Structure formats: structure tokens, C-alpha cells
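Everything below concerns the one structure shown next.
Keep in mind that what you see is a predicted model, and the values were worked out from it rather than measured.
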Amino acid sequence: MNETMVCAVGNVATRPVYRELANGASARFRLAVTSRYWDREKNGWTDGHTNFFTVWANRALATNVGASVSVGDPVIVQGRLKVRTETRDGQSWTSADIDAVAIGHDLSRGTSAFRRASKESEPASAHRPEPSWESAPDARPDDASQQRPEPAGVT
């Protein structure tokens with residue numbers, strides 16, 4: 001099936017609305033995406049037109065959006081673009097929705113601390129330890145002069 005996949009970078013404009021439905025969790029919020037351009041006359045950056053999208057998230061993504069996203073947060077949203085036209089009270093309305101596949105904070109504009117969502121069926125001992133990258137065979141530099149010194153106490 002041909003779908004229009006988009007990646008939108010903008011700010012969360014409304015508080016996410018989270019709902020628990022019969023077929024799983026659902027969340028939605030409005031995303032403001034403002035273009036910026038260099039104005040030669042002002043010799044500085046200027047805001048252009050702002051587009052607003054309604055972002056829809058389902059199941060685990062909805063739960064994580066409800067716990068992680070707030071008004072004003074800079075985010076990146078990837079998903080399927082849905083443009084709808086409807087008539088209400090004799091007026092034609094067009095809306096642009098994004099059925100999100102992935103949502104994350106825009107790390108070019110700040111920091112974020114990731115926490116893996118816990119699965120109730122997964123025991124705590126199921127987490128794998130962090131690999132030792134220094135001991136990985138493909139992590140060693142080719143040139144011996146670029147090798148890192150061994151930590152103290154390691155032979």
C-alpha cells in the first residue's frame with residue numbers, strides 16, 4: 001500500500017490527551033512546525049509560516065507519550081500523513097494528521113534522559129549487561145599508536 005510517510009520537527013502545542021480504549025491506549029496532541037529563513041534585510045533569522053498537525057499515537061507509543069511529552073517540548077515525529085477534508089455546518093474544513101510510528105525529543109535543542117519502559121511480564125534479571133566495547137575484537141584501532149592505554153590494574 002502506498003502511504004505518505006513524513007518526518008516533522010516542531011514543538012508540542014497542546015497538552016497530550018491520553019485515553020485507555022477497548023483496543024489499547026491512544027494519545028493525541030497538536031504539533032506546531034514553523035519554518036525559519038535567513039532575512040537579508042534584517043540580517044537575521046525570521047520565523048515563517050506555522051503548520052499545525054494533530055499527532056495520533058497508539059498502544060505503547062501512546063503510553064510513553066503520555067509519560068514523556070509536555071507542552072513546548074521540541075520533538076521529532078515520524079509517521080503516516082493523513083489529510084482529511086470534511087464539511088461542518090456548510091463550511092469545508094481540512095486537517096492534517098500524523099499517525100505516528102515514532103516520537104522523540106529533538107536532541108539538537110536540549111537533552112533527554114531515556115528510560116526503558118518496564119514490561120510487567122519481563123523479570124528484572126532479563127536485562128542484558130552493557131557490553132565491554134574495549135574488549136570487542138572489531139573495536140580495536142588498526143594503528144597501534146592510536147590504541148588507548150589499559151586501565152590501571154589490567155594486564
Phe29 and its side-chain contact (heavy atoms from CB on, under 4.5 Å) partner, picked from Val17, Val65, Val71: Val65
Would you say that Val75 contacts Leu31 through its side chain, given a criterion of any heavy-atom pair below 4.5 Å between the two side chains? yes
If we only count heavy atoms from C-beta on, is the Val33 to Thr50 side-chain gap below 4.5 Å? no
Check whether Val77 and Leu81 end up in the same hydrophobic cluster, where Ile, Leu, Val, Met, Phe, Trp and Tyr are linked by side-chain heavy atoms less than 4.5 Å apart. yes
Same apolar cluster (I L V M F W Y, side chains within < 4.5 Å links), Val9/Val55: no
Would Asp47 and Tyr37 count as a side-chain contact (heavy atoms from CB on, under 4.5 Å) if you check the C-alpha gap in whole Å, the side-chain angles of each, and the deciding distance to 0.1 Å? CA-CA 7 Å; Asp47 287 344; Tyr37 63 93; over 6 Å; no
Examine distances only and state if a side-chain atom of Asn64 and a backbone atom of Leu61 form a donor-acceptor pair shorter than 3.5 Å. no
Judged by atom type as modelled, is there a donor-acceptor pair below 3.5 Å linking the side chain of Asp106 to the main-chain atoms of Ser108? yes
Enter the distance from [X]:[atom1] to [Y]:[atom2] here, rounded to the nearest 0.5 Å.
X: Ser68; Y: Asp73; atom1: OG; atom2: CG; value: 9.0 Å
X: Asn11; Y: Thr34; atom1: CG; atom2: OG1; value: 7.0 Å
X: Phe114; Y: Leu107; atom1: CZ; atom2: CG; value: 11.5 Å
X: Met5; Y: Asp99; atom1: CE; atom2: CG; value: 9.0 Å
X: Phe53; Y: Ile98; atom1: CZ; atom2: CD1; value: 5.0 Å
X: Thr46; Y: Asp39; atom1: OG1; atom2: CG; value: 4.0 Å

Within a 6.0 Å radius of atom [atom1] on [X], are there more than 12 heavy atoms belonging to other residues, nucleotides or ligands?
X: Arg36; atom1: CZ; value: yes
X: Arg59; atom1: CZ; value: no
X: Trp38; atom1: CH2; value: yes
X: Arg109; atom1: CZ; value: yes

Stepwise side chain to side chain donor-acceptor pair (under 3.5 Å) test for Arg30 and Thr54: CA-CA 5 Å; Arg30 297 280 284 163; Thr54 301; 2.8 Å; yes
side-chain contact (heavy atoms from CB on, under 4.5 Å) evaluation trace for Val12 with Ser70: CA-CA 7 Å; Val12 177; Ser70 301; over 6 Å; no
Tested for salt bridge (charged side-chain N to carboxylate O under 4.0 Å, His left out) against Asp97, the lone hit among Arg28, Arg84, Lys82 is Arg84
Steps toward side-chain contact (heavy atoms from CB on, under 4.5 Å) verdict (Ile103, Ile76): CA-CA 6 Å; Ile103 300 170; Ile76 301 172; over 6 Å; no
If I compare all heavy atoms of Ala13 with all of Phe52, which pair ends up nearest, and what's the gap? CB-CE2, 4.1 Å
Taking every heavy atom of Ala57 against every heavy atom of Ala62, the minimum-distance pair comes out as O-CB, 3.4 Å
